[in-house]
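Values below: all heavy atoms of this structure, side chains included; hydrogens, waters and symmetry mates excluded. In what follows, residues are counted from 1 in the order of the sequence shown.
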Amino acid sequence: MEQLLDRCAGLDVHKETVVACVQVAKPTMRRETRTFRTVTSDLLKLRDWLEQEGVTHAAMESTGVYWRPVWHVLDGVCELVLANARDVKNVPGRKTDVKDAEWLANLLAHGMVPKSFVPPQTIQDLRDLTRTRKQLSREIGQHVQRIQKVLEEANIKLESFLSDIMGESGRRVLDAICSGTRSLRHGTARKVRRRAGDLSQW
């Protein structure tokens with residue numbers, strides 16, 4: 001099988017370590033494997049080593065979120081390839097981190113590592129923000145449901161008088177209930193008073 005890349009690397013990324021195998025085809029075929037910690041100082045050493053070896057391409061598996069810091073440090077040093085684990089599955093047999101790194105390097109050298117799409121950093125940041133917003137919105141909904149449940153259990157029919165119990169008027173009513181106030185005197189809650197009257201009736 002034809003080898004397409006002369007200088008490439010396979011990176012077996014874990015939570016605390018990165019096992020890197022550099023494969024060089026010319027002038028003579030050789031491989032060298034080193035293990036680095038995933039702290040920034042060691043990732044910078046990995047970057048320097050790949051630069052010294054003239055590595056043009058490096059492949060790693062998309063393992064959880066562990067690949068992200070490695071990707072950020074190496075971005076711009078060489079062309080990075082993010083591979084799906086099922087596309088680079090090793091042959092059956094006893095596996096080690098070193099063998100996995102060598103396997104990735106060899107597959108990459110022969111052009112056999114399909115690329116997974118990695119969006120630009122701005123898009124990644126936007127995705128993180130939208131995920132966070134979605135999660136916070138879901139949590140807000142859950143907390144509102146808990147408040148509604150507590151009110152129902154106490155036979156307080158606040159939803160019958162307010163369309164949004166977490167709106168300005170709703171919050172003032174909740175504050176009044178929590179503080180033991182039996183009537184509402186704030187101007188923004190006049191409509192609630194007219195419809196609901198004394199809080200003690202709830």
Next item on the list: List, by chain and then residue number, the residues other than V98 in its hydrophobic cluster (Ile/Leu/Val/Met/Phe/Trp/Tyr, side-chain heavy atoms under 4.5 Å); write none if there are no others.
Entry: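 Once heavy-atom contacts under 4.5 Å are chained together, V98 belongs with V19.
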
Minimum-distance pair of heavy atoms, taken over all atoms of [X] and [Y]:
X    : Y    : result
L108 : L5   : O-CD1, 3.3 Å
R7   : E53  : NH1-O, 2.7 Å
I165 : E159 : CG2-CG, 3.8 Å
G170 : L158 : O-CD2, 4.5 Å
A20  : A101 : C-CB, 4.5 Å
V77  : V73  : CG2-O, 4.3 Å

I need the [X] [atom1] to [Y] [atom2] distance, nearest 0.5 Å.
X    : Y    : atom1 : atom2 : answer
R133 : D128 : CZ    : CG    : 15.5 Å
L74  : E79  : CG    : CD    : 13.0 Å
W103 : T96  : CH2   : OG1   : 13.0 Å
Q142 : I147 : CD    : CD1   : 12.5 Å
D12  : T35  : CG    : OG1   : 9.5 Å
I156 : L174 : CD1   : CG    : 8.5 Å

Looking at [Y], is its backbone amide N or carbonyl O close enough to the side chain of [X] to form a donor-acceptor pair, meaning the two atoms are under 3.5 Å apart?
X    : Y    : answer
D42  : R37  : yes
R31  : V22  : no
S179 : A176 : yes

Check: Under the side chain to side chain contact (heavy atoms under 4.5 Å, CB included) test, which residues partner T40, sequence neighbours left out?
Finding: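 Testing T40 for side chain to side chain contact (heavy atoms under 4.5 Å, CB included), a comparison that skips the adjacent residues, returns L44.
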
Check: Is a salt bridge present between E32 and R34, judged by a nitrogen-to-oxygen distance below 4.0 Å?
Finding: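 Counted as a salt bridge, because a side-chain N and a carboxylate O are separated by less than 4.0 Å.
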
Margin query: Under a 4.0 Å threshold between the charged nitrogen and the carboxylate oxygen, would D48 count as salt-bridged to K45?
Written below: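 Salt bridge absent between K45 and D48.
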
Notebook entry, point to check: When you look at W71 and L80, which way does the side-chain contact (heavy atoms from CB on, under 4.5 Å) test go after all the steps?
Noted result: CA-CA 7 Å; W71 184 282; L80 298 174; 3.5 Å; yes

When you group the ILVMFWY residues by side-chain heavy-atom contacts below 4.5 Å and let the links chain together, are [Y] and [X] in the same group?
X    : Y    : result
L82  : V65  : yes
I140 : L151 : yes
V81  : M112 : yes

Item checked: side chain to side chain donor-acceptor pair (under 3.5 Å), paired with H143, selected from E139, Q145, R146 ->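 Testing H143 for a side chain to side chain donor-acceptor pair (under 3.5 Å) against E139, Q145, R146 leaves exactly one candidate, R146.
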
Within-4.5 Å side-chain heavy-atom neighbours: [X] and [Y]:
X    : Y    : answer
V13  : E61  : no
C78  : H57  : no
T33  : E102 : yes
V144 : Q148 : yes

Checklist line | From CA spacing to verdict: side-chain contact (heavy atoms from CB on, under 4.5 Å), C21, L104 | finding: CA-CA 8 Å; C21 173; L104 268 175; over 6 Å; no

